[in-house]
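Read the structure below first, then the notes.
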Number of protein chains: 2
Amino acid sequence: MTDLQAPRAPFRRVTITDVARTAGVSVATVSKVINGRYGVAARTTERVQQVIDDLGYESSLVARSLRSHRTNVIGILVAEFEPFSTEILKGTSQAITGSGYELLAYSGGGRAGEDVGWERRYLSRLSGTLIDGAILVTPTVVSTGASVPVVAIDPHAGPADMPTVDADNFSGALLATEHLLRLGHRRIGFLGGRPDLESARLREDGYRIALERAGLTADPALMRVGGYQRHLAVGPAHELLSLPEPPTAIFAANDLSALGTMDVARELGLSVPDDLSVVGFDNVPESALTTPPLTTVNQPMQEMGSRAVDLLIQLMNGTEQVCTHVQLPTALVERGSTRPV
Amino acid sequence: MTDLQAPRAPFRRVTITDVARTAGVSVATVSKVINGRYGVAARTTERVQQVIDDLGYESSLVARSLRSHRTNVIGILVAEFEPFSTEILKGTSQAITGSGYELLAYSGGGRAGEDVGWERRYLSRLSGTLIDGAILVTPTVVSTGASVPVVAIDPHAGPADMPTVDADNFSGALLATEHLLRLGHRRIGFLGGRPDLESARLREDGYRIALERAGLTADPALMRVGGYQRHLAVGPAHELLSLPEPPTAIFAANDLSALGTMDVARELGLSVPDDLSVVGFDNVPESALTTPPLTTVNQPMQEMGSRAVDLLIQLMNGTEQVCTHVQLPTALVERGSTRPV
DNA sequence: TATCGCTACGAAAACGTTATCGACATCGAT
DNA sequence: ATCGATGTCGATAACGTTTTCGTAGCGATA
């Protein structure tokens, strides 16, 4: 740890004590006024409120939290600010307004790999003190042991031992693959996500099953892992498209790798969708803007965020075990990146 | 305020007292061990550390903060999670790693209008307690009075009385307009941002001056305010393109309104860039993906974010008044949405 | 042996809140 | 007049840390 010391400006925060002194009452009374508790005369309330306004007093979140163990803040941990998380963030951020809670976001900063377990550390540091509950949008598993209610979004670690909300990854992959089959494609490549992620496994299952139902069988030679990131996808996509007998269509397990695939196709002089059909997964905003626009599977990301908030609030209110696993439907979005063979 | 009470799980946080009791020392000693302070024997340190690991103790950020007024956390307030803020977030999030600080993001949730002053309230609530410093990415002005160092990114309120980092909006707008002029356009429409924002004013100035330098004069009939959002831009853009003598090119003051403009053009059966040239501002990731890809002015958003945290950290360390206003250069990015008349 | 200096440790006071509970009025009813 | 009820308010103990400062131990020096 770096040893920093901060000579701060000589500004002094106005505390509840200042208000009390100025208003000529005790801190207890001021606290009551602030929290609208019973037992203070109308005249007093008015006077105290006036002083509060005059002094511009704002109660210290920290002190309040320390004492009451209640902050009305829920934290959301995202691994990184990529399109998917950002959409989730929008959803939560919208759902939170008017709920009486506030939202605080923390990002691991994309330091995947080296710093394993940061989610756990953060959860532990923040919980019981700074936040009343948390939403996890992190790829790696966070086992239980948190001291606050937690709900996971798209729990990449599988049906975890905590409440979750996710989308129907399996059906979505089914939809995507069937779409390609319906277009007449038979050699369909697959660009998977990180194999340790549950969503990636489910999407691969969907791909397999769809093929089998069509009387085909998944060919390992046509399958690569694309790592859910644009730049990670170009290598594997390149391999696929350089095959002696390349696929006529590729199902990429998320939009970012689909974009990467289209980059590679362009680079190789292949036209999408004329020479190659591409379908993605997620329907991030970007996917509608590409040339051609990407056919993909929609995940209602913003709704996932808002459902997570609802779930968490129910949990925090102790409303006993509501539906503990919300799964939202996925749907095919046909755009320009797919075409009959 | 809703009156919520939370019957929480009977989980008890392990506190420093627990550690102290288990290790058979005082809390003071444990605190010293945690913070690596001088005055504790090697054997004791070792034993305490062992207990800490065993119990899985994590110090409470809140209590620590309350006492020491130091959290090593810097807060970043964004108005909303739109592409611009998100890029900034990425930049800050990257720059923060390894600095010894942590990043906590808060979003106003897009409740512009009604809830004016939330930034101020939040700053006040968080500062002095939860965060050691703050970065503001909010459109409306936040006057001083904060009790912690603050730096503003793209301070829409003009050269504020606080350290800022922004991009050279004026030159950027100059570049964009000159580019259109060079292509032979003479009737150039302008879609401005919110008139109360400094960046919007500067971009409009750039537009005007570029025209004047070319011996032209800005025609109010060709200027509309587009509000920096995609859906807000469609109305004004529609007006512009329905003019008896419509412009042959439009300079939109940010990428989002440029996208809106292209939507309208498409709807009207106009081809971009054949019938209409469009240039945006910001160079958000989306702008490279549109059809055609958008010619725009690059703002180094991630760098702006990272410079902001550098600046803030210097401020917090008390390194006296370093460069207090960082302005980063803008550059034209020529893509497919512009063409000679 | 008395004194000193040093190290290792603990007692206790903060930090700014909230919550409990007792004190003191005031007042209507007996 | 006395009593209880009711309505206002304030002392004070927490909450989990950090930090200051005092003190006990102890070997070395005078």
Side-chain angles (χ1 to χ4, degrees), chain A residues 1 3-6 8 12-21 23-48 52 55 57-73 124-130 132 147, chain B residues 1 3-6 8 12-21 23-48 52 55 57-73 124-130 132 147:
Chain A
M1 292 305 131
D3 193 313
L4 318 129
Q5 64 260 33
R8 192 77 46 60
R12 220 185 63 84
R13 224 189 121 74
V14 23
T15 76
I16 200 176
T17 316
D18 300 325
V19 176
R21 193 156 2 99
V25 295
S26 77
V27 293
T29 305
V30 178
S31 178
K32 284 175 198 155
V33 169
I34 294 169
N35 301 310
R37 243 171 267 291
Y38 173 81
V40 31
R43 271 190 53 83
T44 319
T45 301
E46 191 182 345
R47 183 158 39 100
V48 170
I52 290 180
L55 267 50
Y57 167 74
E58 286 281 348
S59 73
S60 158
L61 190 55
V62 163
R64 176 205 300 270
S65 159
L66 180 58
R67 170 60 220 228
S68 67
H69 286 267
R70 198 94 217 302
T71 60
N72 279 6
V73 169
S124 169
R125 274 170 71 89
L126 267 42
S127 69
T129 56
L130 222 179
D132 293 341
S147 49
Chain B
M1 290 305 133
D3 192 312
L4 317 132
Q5 66 260 32
R8 193 77 46 60
R12 220 185 63 84
R13 222 189 124 74
V14 23
T15 77
I16 200 177
T17 316
D18 301 325
V19 176
R21 194 158 359 102
V25 294
S26 76
V27 293
T29 305
V30 177
S31 178
K32 284 175 196 155
V33 169
I34 293 169
N35 302 307
R37 242 170 267 293
Y38 174 82
V40 30
R43 269 190 53 82
T44 319
T45 301
E46 190 182 347
R47 183 159 39 100
V48 170
I52 289 180
L55 267 49
Y57 167 75
E58 286 281 349
S59 74
S60 158
L61 190 54
V62 163
R64 177 205 299 267
S65 159
L66 181 58
R67 171 60 221 225
S68 67
H69 288 265
R70 198 93 217 303
T71 61
N72 278 6
V73 169
S124 168
R125 274 170 71 89
L126 268 42
S127 68
T129 56
L130 223 179
D132 293 342
S147 48

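B/Arg47 contributes a side-chain N or O that, together with a main-chain N or O of B/Ala23, makes up a donor-acceptor pair within less than 3.5 Å.
Contact annotation: the side chain of B/Val19 never approaches that of B/Val33 to less than 4.5 Å [non-hydrogen atoms, C-beta and beyond]. Proximity of A/Ser65 to A/Val62: side-chain heavy atoms (C-beta onward) are nowhere separated by under 4.5 Å.
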Let's go through B/Lys32 and B/Thr44 carefully: what are the C-alpha distance in whole Å and the side-chain angles of both, what is the deciding distance for side chain to side chain contact (heavy atoms under 4.5 Å, CB included) to 0.1 Å, and is it a yes or a no?
CA-CA 11 Å; B/Lys32 284 175 196 155; B/Thr44 319; over 6 Å; no
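Summarising the geometry, the separation between CD1 on A/Ile52 and C1' on C/dT17 is reported as 13 Å, rounded to the nearest angstrom. Spacing between atom CZ of A/Arg47 and atom C1' of D/dC9 amounts to 11 Å, rounded to whole angstrom units.
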Across nucleotides 15-22 of chain D, 5' to 3', mark each nucleotide with B, S or - according to how protein heavy atoms within less than 4.0 Å reach it.
BBBBB---
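Contact record, A/Val27 with A/Thr17: CG1-CA, 3.9 Å, taken as the closest heavy-atom pair.
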